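Below is one structure; the comments refer to it alone.
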Amino acid sequence: MIESFAVSNYRSLRSIVAPLSKLNVVTGANGTGKSNLYKALNLLAEASSGRMVNGLAKEGGLESAFWAGPESFSRGMKEGGAPVQGGPKKNAARLKLGFSADDFGYSISLGLPSPAPGGPDPSKFHLDPEIKRECIWAGPYYRPASCLVDRKGPVVRVRDGRKWDVYAHHMNSFDSILSELADPVATPEIFSVRQAIRSWRFYGHFRTDRESKIRIPQIGTRTPVLDHDGHELVAALRTIYEIGDRDALFESIDDAFPGASIDIEVDAGTRFTLTFLQQGLLRPLTQAELSDGTLRYLLLMAALLTPRPPSLLVLNEPETSLHPDLFPALARLIIKASKQTQVWVVSHAARLVAALDQCDDCHSIQLDKRLGETVICDQRMLDQPAWHWPD
């Protein structure tokens, strides 16, 4: 389980360390940085598949993703007695992401590319940031003595007892150790971290409009894990029925839509079609006829009742398109899922947040923005988890 997540210098997240529990709810007013926190975690996850640099380039490059305010705030700035202004920077600009779990931790630091060498054909990939530092350590937070893998620029060192072995001399600046050096025998620490991160799942961009592929019958294969865009919804529901928690599937549908039931029809071409029967109707409805809210609830249900629970499941604004009357049923579904996997919910729906807060294991992270910086409400210095960035 992830116990803390840290971000530095990413958009409105100048410096934030969030403590985490089994069930976490991130909330706050519009513009306080909820989406930035979600994007930062998603960006960190992309390091395990080698897509982090590409993702930042698509955001406009590292300079566009950097914190746009001053390096630090003086007391006068915070109290309003002095204008907010920058000054000579003491440190090189770095975007840092990291987390600590109950057995290990990981951090990555990215910076602007080094000046292009002279010559007739300089690199045109000027939006690609460089990975400056990566570390994996044992224990709740980074200490030099607990560091297991240390990457500085192109050089990667792996601890071997009391000494360090240089494992790689010429790592590309755009390649993460997680995507390039994960070997279960030679570098089990890197392999373990990569496998843990790769199991994370993010759901927040389901398309339920009339042109969505979700509304079109699809060829079905066993789908224990719902894809991030939900195209395999019908196959995922049938997989839960056959090898997952069938009772929970029926109970979750009845909880949200009393008296309703679903079935899966298969045509001669092995295309799966969802049928949804409600009380009072003379015929069942197909997925093409369902409302956006009903279809979205079924998508969330398929994600949360997965027969293959991940180590972390993240839902970004799951209340989108749902009627508020469905929030209590969705909250019960999320709480049930949190018994098997760590769940992170980003929401500004007060009724959904209140329903999740009824769970004893729920940890609420209320965000606010002060002088353009995202902060965790009521988090004082001693409330923040222990965290140290590698130098």
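A quick note: this is a predicted structure, and the numbers were derived from the prediction, not measured.
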Indicate yes or no for a side-chain donor-acceptor contact from Asp165 to the backbone of Tyr167 under 3.5 Å, with no hydrogens or angles considered.
-> no

Can a salt bridge be assigned to the pair Asp360 and Lys22 using a cut-off of 4.0 Å between side-chain N and carboxylate O?
-> no

Short side-chain to backbone donor-acceptor contact, Asp357 and Ser364, under 3.5 Å = no

Please assess Val155 against Val166 for the test side chain to side chain contact (heavy atoms under 4.5 Å, CB included), listing each intermediate value before the final yes or no.
-> CA-CA 7 Å; Val155 179; Val166 177; 4.1 Å; yes

Electrostatic pair Glu289-Arg283, nearest N-O below 4.0 angstrom | yes

Test side chain to side chain contact (heavy atoms under 4.5 Å, CB included) on Leu290 and Thr208 and set out the steps.
-> CA-CA 9 Å; Leu290 296 178; Thr208 57; over 6 Å; no

Considering the options Arg157, Lys152, Arg194, Arg151, which one meets the salt bridge (charged side-chain N to carboxylate O under 4.0 Å, His left out) requirement together with Glu134?
-> Arg151

Check whether the side chains of Glu319 and Ser347 place a donor and an acceptor atom closer than 3.5 Å, and report yes or no.
-> yes

Salt bridge present between Glu242 and Arg238 (N-O < 4.0 angstrom) | yes

Would you say the side-chain atoms of Asn172 pair up with the backbone N or O of Phe174, donor to acceptor, closer than 3.5 Å?
-> no

Judged by atom type as modelled, is there a donor-acceptor pair below 3.5 Å linking the side chain of Ser179 to the main-chain atoms of Ser176?
-> yes

Under 3.5 Å, sequence neighbours excluded: what are the donor-acceptor pairs made by side chains of residues 257-273?
from	atom 1	to	atom 2	distance (Å)
Asp267	OD1	Gly269	N	2.9
Asp267	OD1	Thr270	N	3.1
Asp267	OD1	Arg271	N	2.8

Do the side-chain N and O atoms of Ser291 and Thr294 include a donor-acceptor pair separated by under 3.5 angstrom?
-> yes

When you measure from the side chain of Arg133 to the backbone N and O of Gly153, does any donor-acceptor pair fall under 3.5 Å?
-> no

When Trp387 is tested against each of Phe99, Trp137, Tyr142 for ring pair (Phe, Tyr, Trp, His ring centres under 6.0 Å), which residue passes?
-> Trp137

Within the distance-only criterion (no hydrogens, no angle test), does the side chain of Asp368 pair as donor or acceptor with the backbone N or O of Cys377 below 3.5 angstrom?
-> no

Aromatic rings Trp344 and Phe5: how do their planes relate, parallel, tilted or perpendicular, breaks at 30° and 60°?
-> perpendicular

Here the gap from Arg11 atom CZ to Ser35 atom OG, rounded to the nearest 0.5 Å, amounts to 11.0 Å

Side chains of Arg308 and Thr306: is there a donor and an acceptor less than 3.5 Å apart?
-> no

Report the C-alpha separation of Glu63 and Leu112 in whole Å, then their side-chain angles, then the decisive distance to 0.1 Å, and conclude whether the side chain to side chain contact (heavy atoms under 4.5 Å, CB included) test is met.
-> CA-CA 8 Å; Glu63 288 194 33; Leu112 295 171; 3.4 Å; yes

Any side-chain heavy-atom pair of Lys336 and Asp245 under 4.5 Å = yes

Non-hydrogen side-chain atoms of Asp255 and Pro328 separated by less than 4.5 Å | no

Is there a donor in the side chain of Thr239 and an acceptor in the side chain of Thr223, or the other way round, less than 3.5 Å apart?
-> no

State, yes or no, whether a side-chain contact exists between Tyr203 and Leu299 at a heavy-atom distance under 4.5 Å.
-> no

Any side-chain heavy atom of Glu46 sitting closer than 4.5 Å to one from Leu44?
-> no

Would Leu285 and Thr275 count as a side chain to side chain contact (heavy atoms under 4.5 Å, CB included) if you check the C-alpha gap in whole Å, the side-chain angles of each, and the deciding distance to 0.1 Å?
-> CA-CA 5 Å; Leu285 305 177; Thr275 60; over 6 Å; no

Cation-pi check, Arg246 to Tyr241: give yes when NZ or CZ is under 6.0 Å from the six-membered ring centre and within 45° of the ring axis, no otherwise.
-> yes

Sequence neighbours excluded, the answer for salt bridge (charged side-chain N to carboxylate O under 4.0 Å, His left out) partners of Lys96 is none

Please tell me if the side chains of Tyr10 and Phe66 come closer than 4.5 Å, counting only heavy atoms from C-beta onward.
-> no

